[in-house]
Engineer: 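Have a look at this one.
Values below: all heavy atoms of this structure, side chains included; hydrogens, waters and symmetry mates excluded.
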Number of protein chains: 2
Amino acid sequence: MSLYLRELQMVSGSGKPTISSSTLARRLGLTASQVRKDFAYFGQFGYPGIGYRCDELIQKIRSILGTDRVWPVALIGCGNLGQALLGYRGFGNQGFSVVAAFDKQPNLVGRTFEGLTVRHMDELAETVVASKIELAVLAVPAAAAAEATQEIVAAGISGIMNFAPVTLNLPPSVSQVGVDLAIELEQLAFSVVAKQRARDRSEKG
Amino acid sequence: MSLYLRELQMVSGSGKPTISSSTLARRLGLTASQVRKDFAYFGQFGYPGIGYRCDELIQKIRSILGTDRVWPVALIGCGNLGQALLGYRGFGNQGFSVVAAFDKQPNLVGRTFEGLTVRHMDELAETVVASKIELAVLAVPAAAAAEATQEIVAAGISGIMNFAPVTLNLPPSVSQVGVDLAIELEQLAFSVVAKQRARDRSEKG
DNA sequence: TAGATTGTTAATCGATTAACAATC
DNA sequence: TAGATTGTTAATCGATTAACAATC
């Protein structure tokens with residue numbers, strides 16, 4: 001759904017008012033049936049003979065994804081990665097706003113990055129309530145992830161985006177997405193060697 | 001496979017010499033059949049009655065993934081995100097080493113981050129050859145991604161890890177993995193609202 | 001030998017695709 | 001009306017699971 005949204009925003013931005021399932025499918029490397037099925041799962045959004053109205057569909061998908069409003073986000077961990085994520089402008093466009101940043105390191109607490117002053121983790125719970133924060137971005141070292149997770153859950157957060165290369169143990173009420181950059185690079189390396197091996201086979205065999 | 005590797009490294013680190021498919025499955029939330037099938041696809045790595053020898057399996061998976069050696073990596077784009085990726089220590093452990101960093105901004109070229117001096121993109125092709133670089137991490141703004149991609153492909157890179165929120169148009173010989181942080185956050189938000197909606201339904205209905 | 005556990009085959013399940021009546 | 005395109009049903013395909021002979 002997120003990928004459809006991204007593509008529809010580009011189509012809409014280029015001035016096209018509607019798009020057919022077959023055109024959208026081609027752009028994303030899918031089948032038209034697949035596209036129609038995906039949308040139909042959430043309701044009847046299309047117009048037979050016409051296609052899908054881009055702006056209307058964008059609204060619908062936003063509403064489905066819950067990004068038709070701005071989500072306040074807490075950043076946990078303000079080391080290198082955390083600072084970069086603060087500087088990353090991609091979040092704001094898509095309905096997310098990092099409204100508070102936390103750490104435990106005395107040399108980071110109190111410093112200001114991108115206009116946000118780093119607070120101590122002890123202030124997390126009260127800030128979550130005060131700013132109605134539901135999502136946390138966890139950007140601490142692997143060794144600190146388990147403890148930070150406990151504090152995040154205790155503070156009442158509903159979803160965690162985890163950059164630490166460890167498996168988090170969460171209650172089922174809390175959602176998570178894991179972003180493990182090393183694993184992504186491994187997938188890439190595997191894909192590269194798989195292609196090399198395929199080439200070697202077709203040359204030799 | 002990467003997830004198996006990560007888990008096996010933890011098991012091995014805790015001193016266990018072997019592990020059964022059922023134990024490994026439980027730890028990862030899979031079925032034992034699934035685990036055995038995944039391994040069997042690449043060969044016969046297990047011992048009936050015993051299980052899998054952790055260290056041996058780790059070696060095999062590394063060899064399958066191609067991470068039984070160190071991959072030199074080029075970083076393209078040294079803004080906030082690029083600098084954070086340079087500082088990120090997770091890559092080195094898993095067989096990747098960022099050996100060169102590139103940008104086009106005059107205020108970045110020549111500066112040094114984490115011991116690497118930023119070079120101009122014009123030097124990419126020769127550096128790729130000299131350092132036998134096969135992978136590139138693309139951390140430039142969306143608007144600059146298409147042009148940078150062309151230069152990367154022209155330089156002879158085999159795989160691109162793309163942090164820009166755009167669909168790259170690549171020849172089939174070049175692999176890619178896309179890491180779109182806004183999309184990941186959207187998935188998280190969707191998961192949170194889906195749970196809220198499920199709760200609302202069960203309370204009301 | 002008895003117990004444990006594999007690799008693999010057959011059965012099940014779900015997801016993708018193709019086809020088409022309904023609709024603009 | 002004719003052409004285009006949807007939502008949905010039926011057919012196909014692939015992936016997951018269960019079962020079990022083979023093996024340590």
Engineer: Quick one, B/Arg119 with B/Glu126, criterion salt bridge (Lys or Arg N to Asp or Glu O under 4.0 Å). Give me CA distance, side-chain angles, the key distance, then yes/no.
Structural biologist: CA-CA 11 Å; B/Arg119 305 184 199 191; B/Glu126 62 187 87; over 6 Å; no

Engineer: Contact class for A/Phe39 (heavy atom, under 4.0 Å): base, sugar-phosphate, or nothing?
Structural biologist: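 No contact at all - A/Phe39 keeps every heavy atom at 4.0 Å or more from the nucleic acid.
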
Engineer: Between the side chain of B/Ser14 and the main-chain N/O of B/Val11, is any donor-acceptor distance below 3.5 Å?
Structural biologist: yes

Engineer: For salt bridge (Lys or Arg N to Asp or Glu O under 4.0 Å), just list the numbers for A/Glu134 and A/Arg69, CA-CA rounded to whole Å, side-chain angles, deciding distance to a tenth of an Å, and then say yes or no.
Structural biologist: CA-CA 13 Å; A/Glu134 291 181 80; A/Arg69 61 182 178 98; 3.1 Å; yes

Engineer: When rounded to the nearest 0.5 angstrom, what distance separates CG in A/Leu65 from CD in B/Gln187?
Structural biologist: 7.5 Å

Engineer: Report yes or no: does B/Thr149 contribute a side-chain atom to a donor-acceptor pair with the main-chain N or O of B/Ala145 at less than 3.5 Å?
Structural biologist: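 Looks like yes, one N/O pair under 3.5 Å.
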
Engineer: Between residues 9-36 of chain B and DNA chain C, which residues have a heavy-atom gap below 4.0 Å?
Structural biologist: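 Within residues 9-36 of chain B, the residues near DNA chain C are B/Ser20, B/Ser21, B/Arg36.
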
Engineer: Between which nucleotides of DNA chain C, 5' to 3', does chain B make heavy-atom contacts below 4.0 Å?
Structural biologist: C/dA4 to C/dT8

Engineer: Select from B/Ile50 and A/Pro48 the residue whose nearest nucleotide in DNA chain C is closer to the 5' end of that strand.
Structural biologist: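 Nearer the 5' end of the strand: B/Ile50.
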
Engineer: Applying a 4.0 Å non-hydrogen cut-off, can you work out what B/Tyr41 is touching in the nucleic acid: base, sugar-phosphate, or nothing?
Structural biologist: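 Nothing, no nucleic acid heavy atom in range.
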
Engineer: Can you label the angle between the B/Tyr52 ring and the B/Phe39 ring as parallel, tilted or perpendicular, going by 30° and 60°?
Structural biologist: perpendicular

Engineer: Please confirm whether the backbone N or O of B/Ala148 pairs with a side-chain atom of B/Lys104, one donor and one acceptor, at under 3.5 Å?
Structural biologist: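 Checked: no pair found.
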
Engineer: Between the side chain of B/Ser12 and the main-chain N/O of B/Gln9, is any donor-acceptor distance below 3.5 Å?
Structural biologist: no

Engineer: Could B/Arg6 and A/Glu186 be called an ion pair, given the rule that one side-chain N must be under 4.0 Å from one carboxylate O?
Structural biologist: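 Between A/Glu186 and B/Arg6 there is no salt bridge, as every charged N stays at least 4.0 Å from the carboxylate O atoms.
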
Engineer: Can you run through DNA chain D from 5' to 3' and write each base as (, ), [, ], | or . depending on how it pairs? Watson-Crick or G-U wobble, both distances under 3.5 Å.
Structural biologist: ..||||||||||||||||||||||

Engineer: I need the A/Met161 CE to A/Ser175 OG distance, nearest 0.5 Å.
Structural biologist: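 Those atoms lie 13.5 Å apart.
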
